[in-house]
Amino acid sequence: LILLIAGCGGLQEVWEGPGAMMFRPQAIAVLPPMASQYDSAREDTQEVLSGALNKVASIERVVSPENVTDIFQASKEAFDALVFYFSRLEMTGQSDKDSAVKLGKALNVDSFLVVRVNSWEYIRKEDDNVGRVGLSLRLVDATTGTTVWKARHERSESYIFNRPNLKDIAKQVAAEMIKAMPPQAKP
């Protein structure tokens, strides 16, 4: 187990599980972000992360957010697996193997990203106006239910008159996080 806390130029927190560097997902889905006080950012976040994943050459297929939503709306079993997975993750902090495998089969992927929006707001910070976006990601092997990698990162952008677009800040956060996500390079 590796825990890195980085300052400028890196992610705030990164954890890699055993075998993370050998993990080579071929198909991935971004689950709808877990409930938080920033629920209004859920669709934008899912779209931004899917877009960032589509730029990763080693991933052959990224299930679109629309298809993910359609699958959960069409299949009670898939939706129930999602609800159970999220509730178990909230209660224990652990990935539930059975529901993770069910999610992988329902979405036809070998991995998925669990997302939490930690911040999506305009605030005052040290006498400065700031647009702030923060995300937590968890990469799960959908064939075993194992958490392969997880990270947390936040980015703020100061402004005087024109508020920065939070979705643009989210694109930067997503790109930085996805760049750090296994696999970074072929062995």
Side-chain angles (χ1 to χ4, degrees), residues 1-39 41-42 44-56 58-59 62-63 65 68 81-104 107 109-120 132-156 169-185 187:
L1 303 175
I2 301 169
L3 178 65
L4 303 170
I5 299 184
C8 295
L11 303 184
Q12 290 175 325
E13 288 182 25
V14 177
W15 176 88
E16 290 182 350
M21 297 316 292
M22 300 306 296
F23 187 63
R24 301 280 180 259
Q26 301 299 301
I28 190 167
V30 179
L31 296 184
M34 296 178 71
S36 75
Q37 68 187 45
Y38 305 103
D39 279 352
R42 292 174 80 189
D44 283 344
T45 302
Q46 198 175 10
E47 177 187 323
V48 163
L49 285 165
S50 293
L53 287 166
N54 272 314
K55 296 176 183 172
V56 177
S58 62
I59 297 175
V62 178
V63 179
V68 170
L82 177 68
V83 170
F84 186 80
Y85 185 85
F86 280 171
S87 66
R88 182 62 62 98
L89 189 58
E90 282 289 319
M91 288 188 312
T92 68
Q94 301 295 313
S95 177
D96 179 72
K97 178 184 183 198
D98 293 338
S99 55
V101 170
K102 285 179 186 174
L103 287 170
L107 296 165
V109 295
D110 57 4
S111 60
F112 57 82
L113 268 183
V114 177
V115 182
R116 179 182 297 277
V117 180
N118 299 325
S119 56
W120 188 281
R132 179 172 73 172
V133 173
L135 303 174
S136 293
L137 303 180
R138 178 185 295 251
L139 177 64
V140 177
D141 180 338
T143 64
T144 65
T146 305
T147 298
V148 176
W149 172 89
K150 59 185 176 179
R152 182 176 60 84
H153 192 50
E154 181 177 281
R155 179 174 280 282
S156 297
I169 297 173
K171 288 177 184 177
Q172 296 172 9
V173 172
E176 292 166 358
M177 294 183 85
I178 299 302
K179 183 178 179 184
M181 185 181 84
Q184 289 96 355

Can you check whether [X] reaches [Y] side chain to side chain, under 4.5 Å on heavy atoms?
{"X": "K55", "Y": "I178", "answer": "no"}
{"X": "V140", "Y": "L103", "answer": "no"}
{"X": "M181", "Y": "V56", "answer": "no"}

Nearest non-hydrogen partners of [X] and [Y], listed with the distance:
{"X": "W149", "Y": "M177", "result": "CH2-O, 3.6 Å"}
{"X": "E16", "Y": "A180", "result": "OE2-O, 4.5 Å"}
{"X": "R138", "Y": "L89", "result": "CZ-CD1, 3.5 Å"}
{"X": "A52", "Y": "A174", "result": "CB-CB, 4.1 Å"}
{"X": "V63", "Y": "A29", "result": "CB-CB, 4.0 Å"}
{"X": "V48", "Y": "A170", "result": "CG1-O, 3.5 Å"}

Expected list for residues 111-119: side-chain donor-acceptor pairs under 3.5 angstrom, two or more places apart:
residue: S111; atom: OG; partner: A27; partner atom: O; Å: 3.2
residue: R116; atom: NH1; partner: A35; partner atom: O; Å: 3.3
residue: R116; atom: NH2; partner: E90; partner atom: OE2; Å: 2.0
residue: N118; atom: ND2; partner: S136; partner atom: OG; Å: 2.6
residue: S119; atom: OG; partner: G134; partner atom: N; Å: 2.8
residue: S119; atom: OG; partner: E154; partner atom: OE1; Å: 3.2

Tell me every residue that passes salt bridge (Lys or Arg N to Asp or Glu O under 4.0 Å) with [X], counting only those two or more places apart in sequence or in another chain.
{"X": "R42", "result": "none"}
{"X": "R152", "result": "E13"}
{"X": "D110", "result": "none"}

Q: Could you tell me which residues satisfy side chain to side chain donor-acceptor pair (under 3.5 Å) with R155, sequence neighbours excluded, listed by chain and number?
A: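 Checked R155 against side chain to side chain donor-acceptor pair (under 3.5 Å); matches are Q172, E176.
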Q: Please list, chain by chain and in numerical order, all residues satisfying side chain to side chain donor-acceptor pair (under 3.5 Å) with S50, sequence neighbours excluded.
A: none
Measure the spacing between [atom1] of [X] and [atom2] of [Y] and express it to the nearest 0.5 Å.
{"X": "R88", "Y": "K97", "atom1": "CZ", "atom2": "NZ", "value": "13.5 Å"}
{"X": "T45", "Y": "M34", "atom1": "OG1", "atom2": "CE", "value": "14.0 Å"}
{"X": "Q94", "Y": "T146", "atom1": "CD", "atom2": "OG1", "value": "10.5 Å"}
{"X": "L31", "Y": "Q46", "atom1": "CG", "atom2": "CD", "value": "8.0 Å"}
{"X": "K102", "Y": "L107", "atom1": "NZ", "atom2": "CG", "value": "14.0 Å"}
{"X": "L139", "Y": "W15", "atom1": "CG", "atom2": "CH2", "value": "10.0 Å"}

Q) Could you walk me through whether I28 and V109 pass the side chain to side chain contact (heavy atoms under 4.5 Å, CB included) check? A) CA-CA 5 Å; I28 190 167; V109 295; 5.6 Å; no
